[in-house]
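Take a look at the structure below.
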Number of protein chains: 2
Amino acid sequence: MLHSLRQFKAEIFQALAHPTRVAIVELLREGELTVNQLCEKVGVEQANASQHLAILRNKHMVVTRKEGNQIFYRLRDPLLGEILDKLRAYFFAYFDEAMAMLRAEQQEAQS
Amino acid sequence: MLHSLRQFKAEIFQALAHPTRVAIVELLREGELTVNQLCEKVGVEQANASQHLAILRNKHMVVTRKEGNQIFYRLRDPLLGEILDKLRAYFFAYFDEAMAMLRAEQQEAQS
DNA sequence: AAACTATATTCGCATAATCGAATATAGCAG
DNA sequence: CTGCTATATTCGATTATGCGAATATAGTTT
């Protein structure tokens, strides 16, 4: 049970462990969107968005509704969005350090 | 800014995206622990624990205190633990489905 | 200094994640 | 049925992650 819970948490975190998927979840907090709308707003190729959506879908973090030939995505539970708020607060609580961290990683990514 | 924030969130999630690291964070909510204590409680090799701790340390999610020849780890901010509570609630809100998800993944991992 | 304990780092390998390109499916319009 | 649009899946190459084993560092004890 304990292990299942930890495994579950880790998998949800893994699903959120990409800026594109964070963006998708953020956008879906406002209401449902089609794949195309998500592509535009996030600024990513259709195929790529679809792959990221598949990851969120497989974890049941988003649910879909089909209307005509398009598919609307929405967040399964607002709780998932609230987690982002927590991290937002955390980010600003340690703002300078957090920014420094991101810059440092960019540095070493280039070198 | 928006992108930095998303990048930051994704990196924190990535750092939490492993059951061992989830376990470490859970344990540190209760107070500081040495590496050895963490190894025992989590049930993992010393070198492995050290690698996971390095990941949390690099993201400044844990901080350390040296005393003699041992090092105590503690959580940087209780907010990180609260995120786990959110996911705990989420897990139980969809318990049957969540368990089914874990089982399904175990299946396909073996086959 | 030598031996011992606690912790960290490096290395090599196996597995998984990401992306763009190409292809597939499904609904709709003519 | 044909073509068109929306979405999903597969493929192949590249990069990242996780592990155990070995090695390194730092503090402690003798």
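Not measured: the values here are computed from a predicted model. Here is how names work: the chains are called A, B, and so on, in the same order as the sequence lines, proteins then strands, and each is numbered from 1.
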- Task: Please assess B:R74 against B:V62 for the test side-chain contact (heavy atoms from CB on, under 4.5 Å), listing each intermediate value before the final yes or no.
- Result: CA-CA 5 Å; B:R74 65 175 189 281; B:V62 296; over 6 Å; no
- Query: Quick check: does any side chain N or O of A:Q37 sit under 3.5 Å from a backbone N or O of A:T34, one acting as donor and the other as acceptor?
  - Reply: yes
- Ignoring hydrogens and geometry, is there a side-chain-to-backbone donor-acceptor pair from B:Q70 to B:E67 under 3.5 Å? no
- Item | Pair B:R57, B:Y73: side-chain N/O donor-acceptor within cut-off below 3.5 Å | yes
- Query: Hey, are A:R76 and A:H60 close enough side-chain-wise for a donor-acceptor pair under 3.5 Å?
  - Reply: no
- Message: When you measure from the side-chain N and O atoms of B:N69 to the phosphate of C:dT5, is any distance below 4.0 Å, counting only OP1 and OP2?
- Response: no
- Base, sugar-phosphate, or nothing for A:Q46, non-hydrogen atoms under 4.0 angstrom? base
- Please examine the side chains of A:V25 and A:L84, heavy atoms only from C-beta on, and report whether any two atoms are closer than 4.5 Å. yes
- Round to a whole Å and report the spacing from CD of A:Q51 to C1' of C:dA21. 11 Å
- Task: May I have the distance from B:E45 (atom CD) to C:dA6 (atom C1'), rounded to whole angstrom?
- Result: 15 Å
- Note on the structure: Min and max contacting nt of DNA chain D in 5' to 3' order, chain A heavy atoms within under 4.0 angstrom, are D:dT5 to D:dT10
Short N/O separations, protein against nucleotides 13-16 of chain C, under 3.5 angstrom:
none

- Message: With nearest nucleotide decided by heavy atoms, which residue, A:R21 or A:E67, maps closer to the 5′ end of DNA chain C?
- Response: A:R21
